[in-house]
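Read through the structure below, which is laid out as structure tokens, and then see the notes.
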Amino acid sequence: MFTDKELQGGGALLDHGVHMLDLALYLMGYPKPVDVMGHIGQYLGMRPGVGLMGTWDAETFSVEDTARAMVKFENGASLMFDGSFMANVGPRDTMRVELRGTEGGTTLFPLHLHTEAHGALFDQTPAHLEHVDPYAVQIQAFLEACRHEPTYEQADQAVILHSIIDRIYEQA
């Protein structure tokens with residue numbers, strides 16, 4: 001577990017939160033943020049214990065274990081983020097991304113689609129999805145990115161993502 005700020009730079013927000021924010025922003029079409037309200041804290045890491053990620057040394061724990069944010073976007077959309085690697089949750093509650101819109105919504109991990117049809121609300125779960133090794137996909141995507149020039153779109157997305165992260169840390 002990454003618990004040393006000197007070595008890691010940050011905790012829950014930089015460890016896995018950045019990836020969840022990136023995924024949510026990607027699914028939203030990477031809208032431009034106009035306002036960010038954020039908070040980070042050390043709640044469980046400062047005391048001895050054990051969690052879903054194992055044990056840690058409370059004496060040397062120096063990163064945030066929790067990060068939360070609300071983001072308002074130029075297009076009227078909003079995002080709520082809650083990330084922690086030491087929350088008191090069950091093993092199935094460790095990762096979730098939800099999108100809600102006027103035409104439908106989705107929940108990831110596991111995938112559920114929420115739609116309206118025939119004057120009623122419907123939840124749909126795919127009966128079968130081909131198994132894909134996510135690590136192999138990530139490695140392939142990384143290799144492809146190394147072979148090609150990055151696009152301006154990718155740079156713009158990185159600026160949006162990191163501006164949100166910076167604002168969360170600034171407000172800490």
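In this chain, residues are counted from 1 in sequence order.
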Rounded to the nearest 0.5 Å, what separates atom CD1 in I165 from atom CD1 in I40? 11.5 Å

Could you check whether any side-chain heavy atom of F142 comes within less than 4.5 Å of a side-chain heavy atom of V137, counting everything from C-beta outward? no

Polar contact flag, side-chain donor to acceptor under 3.5 angstrom, H114-T107: yes

Can you give me the closest heavy-atom contact between E144 and H148, atom names plus distance? O-CD2, 2.9 Å

Hey, what do you get for CD (E103) to CD (E116), rounding to the nearest 0.5 Å? 7.0 Å

How long is the gap from NE2 on H19 to CG on L13, to the nearest 0.5 Å? 10.5 Å

What one should report as the nearest heavy-atom pair of M28 and L99 is CG-CD2, 3.9 Å

Transitive ILVMFWY side-chain link L14 to L7, under 4.5 Å: no

Verify the distance criterion only: is there a donor paired with an acceptor across the side chains of Y26 and Q157 at less than 3.5 Å? no

Mind running side-chain contact (heavy atoms from CB on, under 4.5 Å) on F61 and L44 for me, showing each step along the way? CA-CA 10 Å; F61 192 95; L44 299 177; over 6 Å; no

Compare every heavy atom of I164 with every heavy atom of F73, then report the nearest pair and how far apart it is. CE2-CD1, 4.4 Å

Roughly how far, to the nearest 0.5 Å, is CZ of F81 from CG of L21? 4.5 Å

Between S78 (side chain) and K72 (backbone), is there a donor-acceptor pair under 3.5 Å? no

Spacing of CD belonging to Q138 relative to CG belonging to D133, to within rounding of 0.5 Å: 9.0 Å

side-chain contact (heavy atoms from CB on, under 4.5 Å) between L161 and V18, intermediate numbers included: CA-CA 8 Å; L161 175 62; V18 63; 3.8 Å; yes

Where the side chain of Q171 meets the backbone of G38, is there a donor-acceptor pair that is under 3.5 Å apart? yes

Would you please test T106 and L111 for side-chain contact (heavy atoms from CB on, under 4.5 Å) and show each step? CA-CA 7 Å; T106 187; L111 176 63; 3.4 Å; yes

Using every non-hydrogen atom in the two residues, find where S163 and I160 come nearest and quote the distance to one decimal. OG-O, 2.8 Å

Within a radius of less than 6.0 Å around CD of E149, do more than 12 heavy atoms belonging to other residues, nucleotides or ligands occur? no

Path from M80 to I168 over hydrophobic side-chain contacts below 4.5 Å: no

Scanning both residues in full, the closest heavy-atom pair of V97 with M20 reads CG2-SD, 3.9 Å

CG/L25 to OH/Y30 distance, rounded to the nearest 0.5 angstrom? 5.0 Å

Check whether any side-chain N or O of Q42 sits under 3.5 Å from a backbone N or O of D65 as a donor-acceptor pair, and report yes or no. no

Y43 and H39 aromatic ring geometry - parallel, tilted or perpendicular at 30°/60° bounds: tilted

Can Q124 and T115 be said to form a side-chain contact (heavy atoms from CB on, under 4.5 Å), step by step? CA-CA 8 Å; Q124 301 172 10; T115 61; 3.5 Å; yes

Is E74 reaching over with its side chain to a backbone N or O of K32, donor-acceptor style, under 3.5 angstrom? no

Testing the basics here: between D82 and R68, what is the closest heavy-atom pair and its distance to 0.1 Å? OD1-NE, 3.1 Å

